Amino acid sequence: MSDAPKVRVRFAPSPTGYLHIGGVRTALYCWLYAKQKGGDFILRIEDTDQERSTDEAVQVVLDAMQWLGLDWSEGPTVDGAPTLGGGDHGPYFQTQRKHLYAEYADKLIADGKAYRCYASKKEIHEARQAFEKEHGKGFKFQSPWRDRDASEGDPSAPHSIRFKAPKTGVTGWVDKVKGRIDVPNDTQQDFILMRSDGLPLYNFGCVVDDHAMGITLVVRGDDHVINTAPQILLYEALGATSPEFGHLPMVLGKNGKKLSKRNTEVAVAALDYRDLGYLPDAVLNYLARLGWSHGDQEIFTRDELIAKFDWEHVGSNASKYDLKKFLHVQSQHLRMLDEDTLATMVVPFLKARGLEVAADNATLRAALGPVKLRAATFIELADGLDYFFRDDVTYEEKAKKKFLKPELAGNLEKLAEIVESASAFDEETLERDVLAWTEPAELKMKFVAQPARVAMTGRTRSPGLYETMVLLGRDKTIARLRAAAEVAKQAEPA
RNA sequence: GACGCGUUGGUCUAGUUGGCAAGGACGUCUGAUUCUCAAUCAGAAGGUCACGGGUUCGAUCCCCGUACGCGUCACCA
């Protein structure tokens, strides 16, 4: 039996009002790893930035994680979802763990690894300005309190707590994705552990929580590599073994810049993809594959991802977000759904267009097959289904102009007649009867089919002619053909 | 400026003890099919593996340098 400690990974978002798609990828890799190893996946809310951390902002994170199906074994609890959250390392909100940070800070002070710094913000600010005027960036505040005797200060006066950083040596680690990284200690400064208001700064809160929660691997974006050496220094000062670290490269927008809300061309908030009609599994698949690979495989189910994920094949360079490929992955996943699921899931999207359709509606069931071949998202699927459930067709302007014109009205009327008198209302019969008309007349199909398509659907693109007729039903087909014929007669001749 | 990270066709990438005509996918284009679109099938174009030096019989893979890109330098996270 192995004594390898149980894998415990955490995702620690700060609630900013939306869950960034890049954050989802970080969460996903952690989650996959935990699932694969039978470990724990912990969700911790880093809400020490109190202006931004509202209840709603937290809720958005929880909703997004739930929608994506990234279930956490420990973390905030959710009403109605008894399997989510809980755990005996709580609370899972940083603001509720203040006593812990104070405790750890006191210990460090007692051990001579940290000290109280009474320098005022003003004092520091001035020192910085003086430095930057001469040397530019790179200011490191040298607190006079580092070497003073503690008795010179008054602990009841406002003060921060600073780490007594070593000035020599090198701190390094083997990063799960980037490999060996070493940074000389003389680049460190006596960074602040606790602010004067009693809240921990990121590096400290993070270490205290990760340590107290028994995290074995810390995974985060690579904008955090700079924080890792200081954190390792802290683990050492606490006499604790530090966890492993893995830093994921950034996700970039098309312009090569960090993907952000400013990059309006793509949605960056995870929940936007729900509203856009994407499947959680597709989002996960695309994100997993963005920066990770498994040979030539592109499409993965959720279970395959869990089984095949590995850190060795996580790339160490930033990648650009490509919506086209994402859409392709999405369409592949859409096709993998069985009819029941598809029907159930498209219903809300139909409703959003004002169409109340039951999931077991026969027309819906029948139309799903042909329509889903032409759709990638649920929005597109609902759009392709739309005209089957409306009383009247709305013609696209261009379609109307091109096909509903006087010289084609006759074809529509003739077609209506054929449909009306067909001996049976099925695709074979309809096709036979229509060809019996067009072939002797040497009438090209496109002069019949295209106007008819516009008549029945309002558009120039749809499933096949006879297929659409059958889905629509005989009465509606005839009515729409005749209505369109009238419209065509009124139109200006070309 | 300092420190760190990165660099394979437009994009995501495969390439692991250096010996391939550098593979796949998205996208693009062509053809087949059809009443349209999509799907499908068959093809095509697109790479001096950032650049320059080494090491080697031989480098996308090893070493050094250069360029470019990105990230971070807070009592934010």
Side-chain angles (χ1 to χ4, degrees), chain A residues 12-14 16 46-49 51-53 94 117 119-121 124-125 128 132 135-141 158-162 175 177-179 181-184 187 189 191-197 199-203 205-206 220-229 247 249-250 252 254 256-258 286 289-299 312-313 315-329 331 335 370-376 380 384 399 403 431 434 438 444-454 457 459-466 468:
Chain A
S14 50
T16 55
E46 309 221 322
D47 57 350
T48 54
D49 182 353
E51 277 131 57
R52 290 192 293 184
S53 301
Q94 285 195 322
C117 171
S120 68
K121 284 187 190 176
I124 298 168
H125 182 71
R128 164 173 280 115
E132 287 180 351
H135 311 277
K137 283 267 194 179
F139 172 71
K140 286 190 282 186
F141 182 65
H159 64 276
S160 59
I161 297 175
R162 284 182 184 270
D175 197 274
V177 346
K178 291 179 183 290
I181 296 179
D182 288 299
V183 335
T187 61
Q189 58 178 320
F191 54 89
I192 289 180
L193 268 22
M194 296 286 277
R195 312 199 293 208
S196 49
D197 64 3
L199 282 173
L201 226 44
Y202 175 75
N203 273 336
C206 185
R220 73 237 299 199
D222 78 6
D223 46 340
H224 281 295
V225 302
I226 196 83
N227 291 320
T228 303
H247 291 91
M250 305 272 91
L252 274 23
K254 258 203 143 51
K257 292 272 160 61
K258 203 166 156 181
Y286 177 68
R289 198 56 194 62
L290 188 67
W292 169 79
S293 61
H294 185 78
D296 287 341
Q297 188 170 353
E298 300 284 349
I299 303 299
E312 290 68 40
H313 292 87
S316 52
N317 56 311
S319 36
K320 288 183 188 164
Y321 200 76
D322 180 9
L323 210 52
K324 287 245 184 73
K325 183 154 186 177
F326 193 168
L327 214 54
H328 173 257
V329 172
S331 73
R335 286 165 201 214
V371 173
K372 81 170 175 186
L373 252 15
R374 297 165 169 82
E380 290 173 6
F403 295 107
E431 177 165 23
V434 170
T438 56
K444 289 204 170 162
M445 240 352 250
K446 64 177 174 181
F447 295 119
V448 176
Q450 281 302 83
R453 170 166 287 110
V454 176
T457 71
R459 314 152 183 213
T460 54
R461 307 146 45 148
S462 82
L465 181 63
Y466 310 111
T468 304

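Throughout, a chain's letter reflects where its sequence line sits, starting with A, and its residues are numbered from 1. Source: prediction; values computed, not measured.
Using N1 to N3 plus N6-O4 or O6-N4 for Watson-Crick, or N1-O2 and O6-N3 for G-U wobble, each under 3.5 Å, B:A50 pairs with B:U66. The partner of B:C3 is B:G71, by the rule that a Watson-Crick or G-U pair needs both atom distances under 3.5 Å. In a base pair of the Watson-Crick type (N1 to N3 plus N6-O4 or O6-N4) or a G-U wobble (N1-O2 and O6-N3), with each distance short of 3.5 Å, B:A38 is matched with no nucleotide. Across the strands present, B:C76 finds no partner; the criterion is a Watson-Crick or G-U wobble pair with both atom distances under 3.5 angstrom. For B:A45, there is no paired base (Watson-Crick or G-U wobble, both distances below 3.5 Å). A 3.5 Å limit on both hydrogen-bonding distances identifies no Watson-Crick or G-U partner for B:A14. B:A22: no Watson-Crick or G-U partner with both key distances under 3.5 Å is found in any strand.
Checked against B:U13, B:C75, B:A77, the side chain of A:I192 finds its nearest nucleotide in B:C75. Here the side chain of A:K325 is nearest to one of B:C35, B:A77, B:C26, namely B:C26. Closest to the side chain of A:D296, from the set B:G24, B:C70, B:A77, is B:G24.
In this structure, A:H135 places its NE2 atom 11 Å from C1' of B:G1, rounding to the nearest Å. The distance between atom CG of A:D197 and atom P of B:C75, rounded to the nearest whole Å, is 12 Å. Per the geometry, NE2 belonging to A:H328 stands 11 Å off P belonging to B:U28, to the nearest Å. Whole-Å rounding puts the A:N203 CG to B:A77 P distance at 10 Å. A:Q189 places its CD atom 11 Å from the C1' atom of B:C75, with the value rounded to the nearest Å. Atom-to-atom, NZ of A:K121 to P of B:C75 comes out at 8 Å; the value is rounded to the nearest Å. Distance, A:K137 NZ to B:G71 C1': 13 Å, rounded to whole Å. Between A:Y321 atom OH and B:C26 atom P there is a gap of 18 Å when expressed in whole angstrom units.
At B:A74, one or more side-chain N or O atoms of A:R128 fall inside 4.0 Å of OP1 or OP2 (strictly under the cut-off). Close to B:U13, at under 4.0 Å from its OP1 or OP2, lies a side-chain N or O of A:S319.
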**Prompt:** Between A:I181 and A:T228, is a side chain to side chain contact (heavy atoms under 4.5 Å, CB included) present by the stated rule, with each step listed?
**Reply:** CA-CA 10 Å; A:I181 296 179; A:T228 303; over 6 Å; no
**Message:** A:M250 vs A:D222, test: side chain to side chain contact (heavy atoms under 4.5 Å, CB included). Steps then yes/no.
**Reply:** CA-CA 7 Å; A:M250 305 272 91; A:D222 78 6; 3.7 Å; yes
**Prompt:** Step by step, would you call A:L465 with A:M445 a side chain to side chain contact (heavy atoms under 4.5 Å, CB included)?
**Reply:** CA-CA 10 Å; A:L465 181 63; A:M445 240 352 250; 3.7 Å; yes
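For the 3.5 Å distance criterion, the side chains of A:R289 and A:S319 fail to qualify, holding no donor opposite an acceptor.
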Write down the protein N/O and nucleotide N/O pairs, taken from nucleotides 2-9 of chain B, whose separation is under 3.5 Å; answer none if there are no such pairs.
from: B:C5; atom 1: O2'; to: A:K178; atom 2: NZ; distance (Å): 2.8

Close N or O pairs between protein and nucleotides 15-20 of chain B (under 3.5 Å):
from: B:G15; atom 1: OP1; to: A:H313; atom 2: NE2; distance (Å): 3.1
from: B:U16; atom 1: O4; to: A:H313; atom 2: NE2; distance (Å): 2.5

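Rounded to the nearest 0.5 Å, atoms OG (A:S293) and CD (A:E298) are 9.0 Å apart. Between A:K254 atom NZ and A:K320 atom NZ the span is 8.5 Å, to the nearest 0.5 Å. With values rounded to the nearest 0.5 angstrom, A:K372 atom NZ is found 11.5 Å from A:S331 atom OG. Considering CG of A:N203 and NE2 of A:H224, their distance stands at 9.0 Å, rounded to 0.5 Å. Rounded to the nearest 0.5 Å, atoms NE2 (A:H247) and CG (A:N227) are 7.5 Å apart. Residue A:S160 holds its OG atom at 11.0 Å from CZ of A:R195, rounded to the nearest 0.5 Å.
No side-chain donor-acceptor contact under 3.5 Å links A:Y286 to the backbone of A:L327.
Counting any heavy atom pair closer than 4.0 Å across all strands shown, A:K324 reaches sugar-phosphate atoms only and no base atom. As judged by a 4.0 angstrom heavy-atom cut-off over every strand, A:T48 is placed among residues touching the sugar-phosphate backbone only. At a threshold of 4.0 angstrom between heavy atoms, the contacts of A:G136 with the nucleic acid are absent. No engagement by A:A376 is indicated, since no non-hydrogen atom pair under 4.0 Å with the nucleic acid exists.
B:G18 and B:C49 have their C1' atoms separated by 14 Å, with the value rounded to a whole Å. Going from the P atom of B:U28 to that of B:G19 covers 36 Å, rounded to whole Å. Nucleotides B:A22 and B:C57 have their P atoms positioned 23 Å apart, rounded to a whole Å. Taking atom P on both nucleotides, B:C5 is separated from B:U66 by 15 Å, rounded to a whole Å. Look at the C1' atom in both B:C51 and B:A45: the space between them is 26 Å, to the nearest Å. With both ends at atom C1', the span from B:G9 to B:U16 equals 24 Å, rounded to whole Å. Rounded to a whole angstrom, the distance from the C1' atom of B:A25 to that of B:A14 is 11 Å. Separating the P atom of B:C20 from that of B:C61 is a span of 14 Å, rounded to the nearest Å.
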**Prompt:** How does protein reach along nucleotides 36-43 of chain B, written 5' to 3' as B (base within reach of a heavy atom under 4.0 Å), S (only sugar-phosphate), or - (no contact)?
**Reply:** BBBS----
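Environment of NE2 in A:H135: crowded, with over 12 heavy atoms of neighbouring residues, nucleotides or ligands closer than 6.0 Å. Taking a 6.0 Å sphere around CZ of A:R461, one finds it holds 12 or fewer heavy atoms contributed by other residues, nucleotides or ligands.
Mapping A:D223 and A:A12 onto RNA chain B via the closest heavy atom, the residue that lands nearer the 5' end is A:D223.
Below the 3.5 angstrom threshold, one finds a donor paired with an acceptor across the side chain of A:E298 and the base of B:G24.
By the 4.5 Å heavy-atom criterion applied to side chains, A:V371 and A:E380 are not counted as neighbours. Within the 4.5 Å cutoff, no side-chain heavy atoms of A:R453 are placed close to those of A:F403.
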